[in-house]
Amino acid sequence: MKTFEEYSIKSLKLKNRIVMPPMCMYSADNSGNVNDFHINHYTTRSLGGVGFIIVESTGITPNGRISDNDLGIWDDKHIEGLKTLVQGVKKYGAKIGIQLNHAGRKYLGSSGQPLAPSAVSYDEKYKLPKELTKLEIKEIILKFKEAAVRADKAGFDAIEIHAAHGYLIDQFLSPLSNLRQDGYGKTTENRARFLKEILVAVKEVWPKGKPISLRVSAEDYKKGGMSTKEMVQIINIVKEYVDVVHVSSGGLVPAHINLYPGYQVNFSETIKRECNIPTIAVGLITEIDMVEEILSNRRADLVALGRELLRNPFWVLNKAKEKNIDIELPEQYKRAF
Ligand SMILES: Cc1cc2nc3c(=O)[nH]c(=O)nc-3n(C[C@H](O)[C@H](O)[C@H](O)COP(=O)(O)O)c2cc1C
C-alpha cells in the first residue's frame, strides 16, 4: 500500500506517508521551554509508527506566540529542550520538523501589543494590532532566520514556515488583512513579498539538504479574500525556496466552513498539479482507505492526521495490522501485533 511506502524529500527519508501535523498543546510555561509533556506526547507518536512529526507552532518572538503557553524558539536557551525532544522522537523511528510562527494580530498573550501588516483586528475580541514599519518587518524576518539556525542546532530534520490560519505571514498574503499601500501591499506579488523575504533569509542559514515545508491556507472562505487560484500564484512566486506545501485553509477571518472528510484535499490536488510541487493533504482524514485514495490518485504526496492521532497515537501500527502489511514494530510491542 502507498500509505506504508517510503518517501524522500531531499535528505529527509520517511518510512511511510503519515504525518502528524503541528498542533498547539498550550503546555509550555511562559518561558517557552519544552517540558515532560512535550517529550511524552511527541515520542508516543513516534513509537506509534508516524513517519513525519511536525512540532506545533513555535514562537519566533515572545509576542509572536499565539498564547503565553506556546513553545518558543526566540532564544538560544530553547535549544537544549528542543534537542532532547528531537532525540527522543528520532530514537523510535519518526523524522521530526518544527513549525516556525509569528502570530501577528492573533497574539493573545501578555507580552505587549500584537503586530500586523495593517491596524485591523481579527474580530472585536482581539486587541487592535499595531501596523508594522518597514524596519520592524526586517527585524521579524531576521527573527525567522535566527529561529531556523536554532532549529538546525536542535537537530530538526525539517522546518515548516507557518503561512496559514491567519497568522502574521497569512495576514500579509490576504487582501482582507493587508491594506498596506507600500511595497508589501496591494498586488499579489507585493503581498507575497514578506513571505519571500523570510524564505530567502531562512534559506541562507538552513542546510541545503534539509527540506522546508510551507503551510498555507488556500481559501479564506470570504468574498474578496484568498482563493486557491491566487494561492497557486503565490506558491509559484516562492516555490524555488520551498520543498513541500502543507495545504490547509481558513483562519484569517471569522467564516463559515463546510466541513466534511477530506474537505481540503482538492486544494492540495490543485496546488500539486498547478505548481508542480509535493504536497501534504490534511483535514478530517481518519480512514486508511481515504489516505490510500489520496496518495494513489496523486492528490498529495503525504497525508496528515491531526485529531485522529491525538485520539489514537498507534493508528499507523493498527492500520498496518488491519491491512496485513508488514512494518517495523517497536521491539517491546511485537507481541501485541
Ligand atoms: C489542538 C489543535 C491545535 C492545532 N495547532 C496548530 C498549529 O500549531 N499549527 C497549525 O498549522 N495548525 C494547527 N492545528 C490544525 C491541524 O494541524 C490540522 O490542520 C487540523 O486539525 C485539521 O486536521 P484534522 O482534521 O486531521 O485534525 C491545530 C489543530 C488542533 C486540533
Side-chain angles (χ1 to χ4, degrees), residues 3 17-28 32 34 37-38 41-42 45 48 50-60 64-73 82 85 96-104 106-109 144 147 151 156 158-171 173 195 212-219 221 226 231 242 244-252 257-268 271 279-288 290-291 294 300 302-313 315-316 319:
T3 307
R17 308 297 184 92
I18 300 299
V19 178
M20 179 185 189
M23 285 181 284
C24 282
M25 291 288 108
Y26 307 114
S27 294
V34 165
F37 171 78
H38 303 100
H41 170 64
Y42 290 108
R45 274 72 197 175
V50 171
F52 184 32
I53 292 172
I54 307 174
V55 170
E56 65 203 76
S57 166
T58 301
I60 60 147
R65 289 174 292 177
I66 299 164
S67 79
D68 286 340
N69 298 107
D70 293 15
L71 287 176
I73 191 162
L82 291 169
L85 174 63
I96 181 167
I98 184 167
Q99 188 181 54
L100 306 181
N101 191 24
H102 192 298
K106 285 179 100 176
Y107 171 59
L108 287 167
F144 269 100
F156 283 100
I159 46 174
E160 179 166 281
I161 302 295
H162 199 352
H165 302 164
Y167 296 111
L168 185 61
I169 300 175
D170 198 13
Q171 289 159 33
L173 294 179
L195 169 61
I212 296 177
S213 168
L214 178 67
R215 198 162 219 219
V216 299
S217 279
E219 294 276 340
Y221 303 102
M226 184 59 61
M231 186 47 75
V242 174
V244 57
V245 182
H246 194 167
V247 186
S248 187
S249 67
L252 186 91
I257 306 177
N258 185 21
L259 296 172
Y260 54 88
Y263 69 105
Q264 299 174 142
V265 176
N266 59 337
F267 307 145
S268 159
I271 288 170
T279 60
I280 307 174
V282 66
L284 280 175
I285 303 165
T286 58
E287 298 296 333
I288 180 88
M290 188 166 193
V291 172
I294 294 166
L302 299 168
V303 176
L305 312 180
R307 286 159 291 181
E308 183 60 18
L309 283 172
L310 294 185
R311 286 186 289 268
N312 185 2
W315 189 95
V316 173
K319 297 298 162 184

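The first residue of the sequence shown is numbered 1, and numbering continues consecutively from there. All ligand and atom numbering here is 1-based and tracks the order in the structure. Side-chain atoms are counted along with the backbone in the values below, which use heavy atoms only and exclude waters and symmetry mates.
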Checklist entry - Is any N or O atom of Cys24, backbone or side chain, closer than 3.5 Å to an N or O atom of ligand 1? => result yes

Closest heavy-atom approach to atom 19 (O) of ligand 1 among Arg215, Gln264, Glu308 is made by Arg215

Just to check, does His165 reach to within less than 4.0 Å of ligand 1 when the distance is taken from its heavy atoms?
yes

Worksheet item: Is the closest N or O pair between Arg307 and ligand 1 shorter than 3.5 Å?
Response: yes

Indicate yes or no: does an N/O atom of Leu310 lie under 3.5 Å from an N/O atom of ligand 1?
no

Any protein heavy atom nearer than 4.0 Å to atom 28 (C) of ligand 1: yes

* Hey, does Gly283 sit under 4.0 Å from ligand 1 if you only count heavy atoms? -> yes

shortest atom 30 (C) of ligand 1-to-protein heavy-atom contact is with Met23 CG, 3.9 Å

Per side-chain contact (heavy atoms from CB on, under 4.5 Å), Val316 is matched among Leu305, Ile288, Ile18, Thr3 by Ile18

inquiry  = So Tyr260 and Leu284, do their side chains get closer than 4.5 Å, heavy atoms only?
reply    = no

Just wondering, do Ile66 and Asn101 contact through their side chains at under 4.5 Å, heavy atoms?
-> yes

For Gln99, the atoms of ligand 1 under 4.0 Å from one of its heavy atoms are 7 (C), 8 (O), 9 (N), 10 (C), 11 (O)

min-distance protein heavy atom vs atom 16 (C) of ligand 1 -> Pro22 O, 3.7 Å

For Pro21, the atoms of ligand 1 under 4.0 Å from one of its heavy atoms are 17 (O)

